[in-house]
Amino acid sequence: MRTDTGHVFKLEDYRPSDYLIPRTSLGFRLSPDATHVTALLTIERREGVAAAAPLVLDGDGLTLLGVAVDGHTLPASDYEATPDRLTILKPPAGQRFELRLETEVAPARNEALMGLYRSNNVYCTQCEAEGFRRITYFLDRPDILSVYTVRIEAPHNEAPLLLSNGNPVESGTLADGWHYAVWHDPFPKPCYLFALVAGALGKLADSFTTMSGRHVELGIYVEPGKKRLAGYAMDALKRSMKWDEEAFGREYDLDVFNIVAVSDFNMGAMENKGLNVFNDKYVLADEETATDADFANIEAIIAHEYFHNWTGNRITCRDWFQLCLKEGLTVYRDHEFSADQRSRAVKRIAEVRTLRAHQFPEDQGPLAHPVRPRRYREINNFYTATVYEKGSEVVRMIRTMLGPETFRAGMDLYFERHDGEAATIEDFLKVFEDVSGRDLAQFALWYHQAGTPNLTVRSTHNAAAKEFSLEIEQSVPPTPSESRKRLMHIPLAFGLVGADGSPVAWTAVEGAAVDDGLIHIRKRRHTVRFSGVSERPSVSLNRGFSAPITISVQQKADDQFFLAAHDSDAFSRWQAFNTLLTDALIAAFRQILGGKQPVFAARLAELAGSIAGDEALEPAYRALALALPGEADIARDIGKGIDPDAIFAAREALARAIAEANREAFLALYDGLADKGPFSPDAASAGRRALRNILLDYLSLLPGGAALAARHFTCATNMTDRAAALAVLAHRHSGTAEADDALTAFEARYRGDALVLDKWFQIQAGVPGAKTVEKVRELTRHPAFSIANPNRVRSLIGTFSSANQTGFHRADGEGYRFFVETVLEVEKRNPQVAARLATALRSWRSLEPGRQAKARQALLDMAKVENLSADLRDIVERTLA
Ligand code: 0A1
Ligand code: ZN
């Protein structure tokens, strides 16, 4: 385990490497406890670098067996080797030389799941960000691009399949039942994209013909017997390949494209060139085992990794500070893909909900950092919602401002200008400046400045002068290490909506640049005056969520109700209703804290009823509208003094009020939406299931609710309905016979299917209330649970700490005590997963004083542990700072 060196990496310290490695030949002789790795590196001194410059290679816990230069074993006096570094003190004087390194690694003992490891007896690798240095000594930095040839040897019976990046070149048999395969990847790549897989796996094969007529063999490798669960992923892959040709003109470039699903994986998946490695959760699916959300995730992640082939692999990052260059852009691309495959409006609402749930709290708490950070201690902790999701929003804003054609021209120029390079955010912005002639200097702050900008907006209408004005003021709250903020360029999409719902025209506008439905906010204050407006319009702001900001609009509730029923922008219509719900929930929270029973305006429940039954709206959209803001969303909007129990009570009370007011209508709708015909994972069918399941959630709060949910559970013919019913029973009717029976039946039915049992762990970890911590503790002893498997840990411990507000933040601090114990237990094996878990405490300062003190103590308890991993120490110390 890498413990903290305290070293801070700084963007401004970037220097090109003295040496390059144009060619890399790797040889692996695989064995669980002693894999022998031979690396033959062509080393080239960069032009102008002094011949005496030592060559310093990165390592991480390596055992060096041998080192030779140009075929001669190097005397010990000519190099220094530690597990973490190899220094060739006096490299040959010539420009180029061959360095041969031999190392030994133990994949079976690698529980950090970085470098070469074993998952269910399959050898696999994970090298991003700095895992390659756990395999051999190397210049482990993304601007060192090398052409790889890889030879793998293994016993045929243990590992009949031998895969690496690029195209297969050669294979054959060896003595003693061993065999080998050689792979060559013609595209120079950084070592974080290296991959190797070896084992006994089943293959789902298919092919794709690219737009220029090239034939590509596609393979998805899964555990033997699970081939039929890979069909949906294969379909998503082919759709992704086609879409990237149509939407971005990007064609695939190798003869093969392989995907391997493994059951132990730290993240979602990895875009290794020509050999993507996936968490099996994002590959395997059928109606019996996967929910509609699982299908949608599979589609999105398959696309994401595939799209990296151009945005990340062909054009990579100069250094890890530029991570958003590949991640923000690729998330943007996968969002657009999903929007085209499904419903654009529904997809956008779901994206914004995710951004608010994950990125906003990050940006508003102690772990806030710019989309392109300037400092890090541990790069693994920067695979964040800010880099990914906010990074995607920044790309979206560029497109919003430039329009689709100019944006596409900019992307074309980016691919043309930087193909084969390791690029920066400056390079990316420059292509858009060049194609548009615009100055993006102020806009670039979106990459450089942390924090969620806020706009306060006031509107006035002067009927006599026929003038409608918006007074808009921007502010960016201070974040750690950036107390003073510069003014941002915010593209604010808007609409003025007339009494009949149609857009209101104006004759002239002054006070800000306004084009194509966008107000360009660049100053602290703008008074934007629209003339020729005779009647007071309602104003719809940040349409389509054109900028990732918060807005405080001084708008009457009447306007909000009006927009929730009439806004022509689907996103803003959803937003208007969501704002009404949030406002009602916050008021209820305050009433509860004041010892009162919350009361809700009858027209709110009426509006919920009319949205639910509005046949003009897609069912998926209606389902999203009816989903109340989550407890964490409400907490975020309240800001401080959070008592999760009071928030929970407020949310329950509103749900009950909506259910009671709409009982008959909801029941009728619920009955009418029952699945007929065979299962299909398509968006429309999934939307109907989503609407029916949210109606069940409401109806379950009324008398007879447990019986209704139990029936839903028993009659379910797919996992979406079965899991939804189980969640309703466990969360709303915990401890009843119906809930217990369903939990038992689910466990029995899926015994042996780890991915499905994850849902069972997850649902139980999410049961609201003080008793859950004991239940979760008990479940850590369940035979299907394993502290070494990231998916199990995230399902049980991750859900409890990040998605169970009342359980985790139990007033006596028991949730935190259990959490600290478990995080430290996970950390012994897998620091990366432990560090991610620990971010659950990032909003501790917003809690009411009692809980706040206990949460702080939990953080201090972790901080005082000696030899904490670099990953966990970084999170804990920044959270406390
Ligand atoms: N580049 C991957 C994410 C990823 C990052 C680090 C990993 O290390 C354990 C694994 C995957 C992506 O964006 O999909
Ligand atoms: Zn990615």
Side-chain angles (χ1 to χ4, degrees), residues 1-2 60 110-117 119 124-135 140 142 165 189-195 197 233 236-237 240 244 259-273 275-283 297-317 320 322-338 358 371 376 378-392 395 789-791 793-794 826 829-837 869-871:
M1 181 167 85
R2 201 152 65 168
D60 182 356
N110 180 352
E111 288 187 300
L113 313 184
M114 290 296 286
L116 177 65
Y117 67 95
S119 174
C124 62
T125 53
Q126 173 54 43
C127 294
E128 186 176 7
E130 296 176 338
F132 191 73
R133 61 181 69 181
R134 292 163 63 94
I135 296 172
D140 189 352
N165 314 91
K189 65 170 176 287
C191 66
Y192 81 83
L193 290 173
F194 164 77
V197 171
L237 173 61
S240 305
D244 213 13
I259 289 176
V260 180
V262 299
S263 48
D264 300 81
F265 200 73
N266 283 351
M267 310 276 266
M270 180 62 211
E271 70 263 25
N272 317 301
K273 182 81 186 188
L275 179 54
N276 288 185
V277 176
F278 269 64
N279 184 330
D280 59 359
K281 173 181 164 65
Y282 297 117
V283 172
N297 281 332
I298 290 170
E299 180 182 78
I301 299 179
I302 291 272
H304 180 96
E305 307 310 329
Y306 175 73
F307 297 156
H308 267 313
N309 189 55
W310 274 95
T311 51
N313 300 4
R314 290 286 289 256
I315 306 180
T316 193
C317 302
W320 291 120
Q322 321 295 329
L323 184 57
C324 62
L325 177 71
K326 73 177 177 84
E327 295 305 348
L329 177 55
T330 305
V331 170
Y332 171 73
R333 279 153 51 70
D334 84 57
H335 282 177
E336 283 299 293
F337 167 74
S338 295
H358 301 288
V371 173
Y376 64 77
E378 177 50 63
I379 188 58
N380 287 333
N381 290 336
F382 281 80
Y383 289 79
T384 60
T386 297
V387 169
Y388 276 65
E389 315 300 330
K390 190 175 178 182
S392 160
V395 177
N789 178 282
N791 285 354
V793 168
R794 283 186 286 251
V826 173
R829 301 168 174 85
N830 192 325
Q832 224 179 83
V833 169
R836 195 161 279 260
L837 278 181
S869 62
D871 308 61

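Residues take their numbers from the sequence shown, with the count starting at 1. Both ligands and their constituent atoms are indexed starting at 1 by order of listing. Because the structure is a prediction, the values reported are computed rather than measured.
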Are Asp871 and Arg836 ion-paired here, with the side-chain N under 4.0 Å from a carboxylate O? no

Looking only at N, O or S atoms, find the one in His308 nearest to the Zn ion (ligand 2) and name it. NE2

The Zn ion (ligand 2) as vertex, arms to NE2 of His304 and OE1 of Glu327: angle to 10°? 110°

Near ligand 1 (heavy atom, under 4.0 angstrom), the protein residues are Met114, Gln126, Glu128, Asn266, Met267, Ala269, Met270, Glu271, His304, Glu305, His308, Lys326, Glu327, Tyr383, Tyr388, Gln832

Heavy atoms only: give me the nearest Leu329-Leu325 pair and the separation to one decimal. CB-O, 3.3 Å

Assess the side chains of Glu111 and Asn830: does a donor N or O sit below 3.5 Å from an acceptor N or O? no

Taking NZ, NE, NH1 and NH2 as the nitrogens, is one of them in Asp60 or Arg133 under 4.0 Å from a carboxylate oxygen of the other? no

Could you tell me if Thr330 and Tyr388 have a donor-acceptor pair between their side chains, going purely by distance under 3.5 Å? no

With a 4.0 Å cut-off, would you call Glu327 and Lys390 a salt bridge? no

Sorted by chain and number, sequence neighbours left out, side-chain hydrogen bond (donor to acceptor under 3.5 Å, both in side chains) with Asp264 holds for Ser119, Asn789

